[in-house]
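Inspection log for the structure reproduced underneath, given as structure tokens.
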Amino acid sequence: MRVTNNTYPDTLLNHLQHITKQMNTLQTQAVSGQRITKISDDSAASNRILNMQEEKEKIAQFSKNASRAQNINNTTISQLQNFVKISDRVNEIAVLANDLQGEAGLKAYAEELDEMIEQAVRGANAKFNGEYIFGGTASGSEPFAVNLDASGKIQAPDGAGAGPAVTYTGASEGPEFHLSESGKVAPFTDASTNQQFADFINRMVTLRDAMESGSLNAVNETIRADLEISEDDLIFALSRQGSVQLRIEFDINLNQQRYTDLEENISSEADVDLSQTIVRLTQVQNAYQASLQSAGRVLNSSLLNYI
């Protein structure tokens with residue numbers, strides 16, 4: 001078999017190019033910490049990584065949804081707590097009316113009630129991030145319409161309890177937020193609950209008007225019983241929103257754990273074992289040096305070395 005003069009140099013060049021490619025790959029892996037830089041490095045692992053990255057993006061969106069739902073729910077809970085505080089004081093005033101001895105005392109409490117009515121209306125028409133939190137899907141306009149008399153006082157249309165002073169005009173329900181592939185939550189109160197808020201404010205108006213009349217008999221058991229019903233409604237609504245809060249927190253924690261698990265799985269697929277990579281890189285570098293030394297000895301030899 002005839003071997004040409006170029007055979008050895010060509011073989012050596014191919015060998016050195018192969019080793020150089022290995023060194024470059026190992027050096028890149030050592031610097032970046034990544035075992036896979038393109039799909040062809042490991043197609044099966046690359047597909048798994050792409051699937052997990054897609055799932056991470058979904059979880060990130062679920063987490064954003066949960067964060068917004070949590071903020072809305074926190075604002076709702078804060079307003080409900082304020083309603084309950086107002087209700088506590090209103091029921092206290094309704095009971096104290098029994099012990100009052102004159103028109104002046106009744107009217108003094110009526111003035112306090114007037115302030116609380118306005119405070120409750122402000123809470124009912126409260127906004128979060130530019131949207132009315134008790135408006136449901138109709139979040140662009142005030143959900144509670146208020147009737148005012150000529151002096152700007154919150155009052156029934158005819159001033160004598162005919163028709164409500166406050167009317168709920170919002171949507172029947174609020175938007176839902178997806179917290180997982182199959183789970184969603186509605187942090188908004190529904191129309192039935194919101195109507196109870198309107199009923200509560202209208203009952204406060206009834207109590208205030210009764211006290212403004214100056215008659216001790218005007219604050220009757222019916223008014224007190226209605227106010228107690230409103231307090232029960234408010235406490236139940238607050239409890240329900242507390243349950244929603246627990247649900248949101250559970251999903252937030254679950255998504256955080258899933259996200260962390262996916263990052264760890266992606267890392268195990270894509271990251272290199274740095275110690276093994278460095279050992280392998282050293283071996284390839286040694287092989288490269290040995291090839292150069294061997295080539296130097298062979299290429300410096302001639303026919304005279306063998307005579």
[atom1] of [X] to [atom2] of [Y]: how many Å apart, nearest 0.5 Å?
{"X": "Asn202", "Y": "Ser230", "atom1": "CG", "atom2": "OG", "answer": "9.0 Å"}
{"X": "Gln61", "Y": "His178", "atom1": "CD", "atom2": "NE2", "answer": "11.0 Å"}
{"X": "Ile49", "Y": "Asn265", "atom1": "CD1", "atom2": "CG", "answer": "10.5 Å"}
{"X": "Asp232", "Y": "Leu227", "atom1": "CG", "atom2": "CG", "answer": "11.0 Å"}
{"X": "Arg68", "Y": "Asn71", "atom1": "CZ", "atom2": "CG", "answer": "9.0 Å"}
{"X": "Ser141", "Y": "Glu131", "atom1": "OG", "atom2": "CD", "answer": "11.5 Å"}

Is it the case that the side chains of Ser151 and Asp149 hold a donor-acceptor pair, with the cut-off being a distance below 3.5 Å and no angle test?
yes
Between the side chains of Gln257 and Asn253, is a donor N or O closer than 3.5 angstrom to an acceptor N or O?
no
Any side-chain heavy atom of [X] sitting closer than 4.5 Å to one from [Y]?
{"X": "Asn82", "Y": "Gln119", "value": "yes"}
{"X": "Ile266", "Y": "Lys56", "value": "yes"}
{"X": "Glu111", "Y": "Met211", "value": "no"}
{"X": "Ile59", "Y": "Leu262", "value": "yes"}
{"X": "Ile248", "Y": "Phe177", "value": "no"}
{"X": "Glu55", "Y": "Arg258", "value": "yes"}

Sequence neighbours excluded, every pair satisfying ring pair (Phe, Tyr, Trp, His ring centres under 6.0 Å) that has a member inside residues 111-135
Phe134-Phe197
For residues 235-245, dump all side-chain donor-acceptor pairs below 3.5 Å to protein atoms at least two apart in sequence or in another chain.
unit_1, atom_1, unit_2, atom_2, d
Arg240, NH2, Thr193, OG1, 2.3
Gln241, NE2, Asn73, OD1, 2.6
Gln241, NE2, Pro187, O, 3.0
Ser243, OG, Ser239, O, 3.3
Gln245, OE1, Asn73, ND2, 2.9
Gln245, NE2, Asn74, OD1, 3.0
Gln245, NE2, Glu249, OE2, 3.4

Can you list the residues that meet the ring pair (Phe, Tyr, Trp, His ring centres under 6.0 Å) rule with [X], with sequence neighbours excluded?
{"X": "Phe144", "answer": "Tyr168"}
{"X": "Phe62", "answer": "none"}
{"X": "Phe200", "answer": "none"}

So which atom in [X] and which in [Y] form the shortest heavy-atom distance, rounded to 0.1 Å?
{"X": "Thr169", "Y": "Glu142", "result": "OG1-O, 3.5 Å"}
{"X": "Ala165", "Y": "Ala156", "result": "CB-N, 3.7 Å"}
{"X": "Ala69", "Y": "Val185", "result": "CB-CG1, 4.3 Å"}
{"X": "Ala110", "Y": "Glu212", "result": "CB-CG, 3.4 Å"}
{"X": "Ala66", "Y": "Ile252", "result": "CB-CG1, 3.5 Å"}
{"X": "Leu113", "Y": "Met204", "result": "O-CE, 4.5 Å"}

For [X], enumerate each residue passing the side-chain contact (heavy atoms from CB on, under 4.5 Å) test, keeping only those at least two apart in sequence or located in another chain.
{"X": "Ile229", "answer": "Arg203, Asp226, Asp233"}
{"X": "Ser172", "answer": "Ala191"}
{"X": "Glu115", "answer": "none"}
{"X": "Lys85", "answer": "none"}

Is Asn255 reaching over with its side chain to a backbone N or O of Leu179, donor-acceptor style, under 3.5 angstrom?
yes
Donor-acceptor contact below 3.5 Å, side chain Asn147 vs main chain Gln155
yes
Name every donor-acceptor pair, under 3.5 Å, that has one atom in a side chain of residues 89-97 and the other anywhere in the protein, sequence neighbours excluded.
unit_1, atom_1, unit_2, atom_2, d
Arg89, NE, Glu112, OE2, 2.7
Arg89, NH1, Glu92, OE1, 3.2
Arg89, NH1, Glu92, OE2, 3.3
Arg89, NH2, Glu112, OE1, 3.1
Arg89, NH2, Glu112, OE2, 3.4
Asn91, ND2, Ser87, O, 2.9
Asn91, ND2, Ser87, OG, 3.3
Asn91, ND2, Glu231, OE1, 2.9

Should Leu148 and Ile117 be counted in the same cluster of Ile, Leu, Val, Met, Phe, Trp and Tyr side chains packed under 4.5 Å apart?
yes
Output the rest of the hydrophobic cluster of Leu254: all Ile, Leu, Val, Met, Phe, Trp and Tyr residues reachable through side-chain heavy-atom contacts under 4.5 Å, sorted by chain and number.
Phe250
Run the numbers on Phe188 and Thr76 for side-chain contact (heavy atoms from CB on, under 4.5 Å), then give the verdict.
CA-CA 7 Å; Phe188 297 91; Thr76 303; 5.7 Å; no
With Asn125, which residues qualify under side-chain hydrogen bond (donor to acceptor under 3.5 Å, both in side chains), at least two apart?
none
